[in-house]
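Taking it in order: structure first as structure tokens, then the write-up.
Given the structure is predicted, the values throughout are model-derived calculations rather than measurements. Start at 1 and go down the list; that is how both ligands and their atoms are numbered.
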Amino acid sequence: MNRDLPVPASALAIGAHPDDTDFWCSATLAKWAEEGCVVHHLVCTDGSKGTWDAEADLAELVATRQVEQRAAAKALGATGEVVFLGWPDGELSDGLRQRWQVAYWIRRLRPDVVLGHDPWKRYRLHPDHRHAGFLTVDGIVAARDPHFFPEQEIAPHRPSALLLFEADEPDHVEVVDETHVARKVDALEAHRSQFRSTMHIDEDDPARETQLEAFRTKIRNRLAEAGTLAGALYAEPFKSLTDL
Ligand SMILES: [Zn+2]
């Protein structure tokens, strides 16, 4: 198990939905931000399926989720861009148009490290996570080579490392401390619209506080479990690719 990349000058976390990067890599982003790394976020879909309320105003939900993702980035100490590609939730594909966009943002933001969903995770159901993973990998290949999408008229850019989260075969951990864990929890709690459907917290339930505490414990336990891979208290696990 490899441990801790050198702190990059800039990083770009690519998630399928608002909240994905907060679940999978935000303690690492908080650690790097604290060390002066400029942390950017790219969210592929609009998050418009993220409610159990059949009557919900979906345009309002999309707007709310953008506000929440920006607040989450701020909670981590991220100072970079928060970009929304806005593809309909549940309908993301890894076609050329989407790849064009991801390559464009990689070239424009010029991150040293890119983080994204592992597209090769077996038995995963959600298509957006799979497609966002392929877009991350394919976007890097396009961004690094001048003959891909030359009409973008931006210099090619080759990141030095790719960290895949929700990895099928993790081989790398980023060790984090209590502060980074707390920032991760804050970032996750910025996604209030997701409390009920994703985090099992019902705002109207008298047991709300207990549910919130159970959620925090679950996140902390997950980080502690990854920590054992590195003999540390807390960590986030990844598959690392450094020959890009
Ligand atoms: Zn997601």
Check your understanding: Relative to Trp24, does Arg222 satisfy both conditions: NZ or CZ under 6.0 angstrom from the six-membered ring centre, and within 45 degrees of the ring's axis?
Key -> yes
Exercise for review: Please work out the angle at the Zn ion (ligand 1) defined by atom OD2 of Asp20 on one side and atom NE2 of His129 on the other, rounded to 10°.
Suggested key: 100°
Practice item. Please determine if Lys239 and Asp171 form a salt bridge, counting it only when a charged side-chain N lies under 4.0 Å from a carboxylate O. Key: yes
**Study point:** Test item: Asp138 side-chain N/O and Arg99 main-chain N/O as donor-acceptor pair under 3.5 Å
**Key:** no
Review point. Hey, is there an N, O or S on His17 sitting under 2.8 Å from the Zn ion (ligand 1)?
Key: yes
Review point. Any luck finding a side-chain donor-acceptor pair between Thr179 and Glu34 under 3.5 Å?
Key: no
Practice item. Could you tell me whether the Zn ion (ligand 1) has an N, O or S atom of Asp128 under 2.8 Å away? Key: no
